[in-house]
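Please read the structure below before turning to the comments.
Below, chain A is the first sequence line, B the second, and so on; all start at residue 1. Being a predicted model, the structure only gives us computed values, none of them experimental.
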Amino acid sequence: MVNYIVSGLERSGTSMMMQILYRGGAPVAFDNSRKPDYHNPKGYFELEGGKIINRLMEGTFPFEKYDGKFIKITAYGLKFLPKGNYKIIYMVRNIDEILDSMEKMSGPINREEERPLLEKLNRITIKLMDEREDIDYIIVRYNDVIKNPRKEIERVNEFLGGMLNVSEAVKAVDPKLYRNVRER
Amino acid sequence: MEDKKEEKKFTTISIPTALAEKIKKRIEGTGFHSLSAYVTYVLRELLASMEEEEASEALTKEEEEKIKERLRALGYLD
């Protein structure tokens, strides 16, 4: 059994990566409990309204049901992964862009407090993936996908053993949706 | 040929002249024979201590609560 996961901090491009995989023909699991909105016009591509973390914390998420499929679990949730066999695409993005996007969704944020916290969560999560023998992972920078989608998607495809139709997957990247820009 | 090999081993980094002068003064009479040797030493020490700190870091209870608060605000946690 292999569980494929798209992860990263919230607003780091995890939904974009799920769209890329979906468009590229990979088996992607999601439901419609969270509808597309201004913040994610193409949809969230999540299970259980994005609240998988609750199930992971309780130890009740049915991984066996999603064998061979991609699911989205944001960074904090990875610490609750039971022993298994995982391939993870981990999205990273400029933290200030993430905070810009979070502020639009949830209101003002104390950046001096939350920036180092998110950076720390990123570091700890990457270290966790590094240390666990049942996790194979690749880090993908959101900004690189926007700048050079084909190159990045080819890299992802190589990690996945060639399961994607890259030309189709590239079409999922819409630079117009890249609205919270700090880096170019 | 040797020169090319050497080129690959080092790169040039610019620092403000005033800082360079300060460092030169600091390394006078020490075992450091050049500005580059001293800067390399300091950076190695700094990176090693950052890596050590990062390797042992974990979220405190308070930090976990703040993360959960953010996740709730974004709709990722009940």
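Heavy atoms from other residues, nucleotides or ligands lying under 6.0 Å from CG of B:L47 number more than 12. A:F30 CZ: more than 12 foreign heavy atoms inside a 6.0 Å radius. Within a 6.0 Å sphere centred on NZ of A:K79, heavy atoms belonging to other residues, nucleotides or ligands number more than 12. For CD of A:E119, the number of neighbouring non-hydrogen atoms (other residues, nucleotides, ligands) closer than 6.0 Å is greater than 12. Within a 6.0 Å radius of CD in A:E133, other residues, nucleotides and ligands contribute 12 heavy atoms or fewer.
Remark: A:E114 engages B:R70 in a salt bridge, criterion side-chain N to carboxylate O under 4.0 Å.
Interface with chain A: from residues 58-65 of chain B, residues B:A58, B:L59, B:E63, B:E64 qualify, criterion being any non-hydrogen pair under 4.5 Å.
A donor-acceptor pair is defined here as one N or O able to donate and one able to accept, closer than 3.5 Å; such a pair exists between the side chain of A:N54 and the backbone of B:D78.
Listed options A:K120, A:M102, A:E10 were ranked by heavy-atom pairs under 4.5 angstrom with chain B; first place goes to A:K120.
In terms of heavy-atom proximity, A:S106 sits nearest to B:A73 at CB-O, 3.7 Å.
We find the CD1-CD1 distance between A:I124 and B:I67 to be 7.5 Å, quoted to the nearest 0.5 Å. Note that the CG atom of B:L74 and the OG1 atom of A:T74 stand 9.0 Å from one another [nearest 0.5 Å]. Taking NZ of A:K72 as the reference point, atom OH of B:Y76 lies at 4.0 Å (rounded to 0.5 Å).
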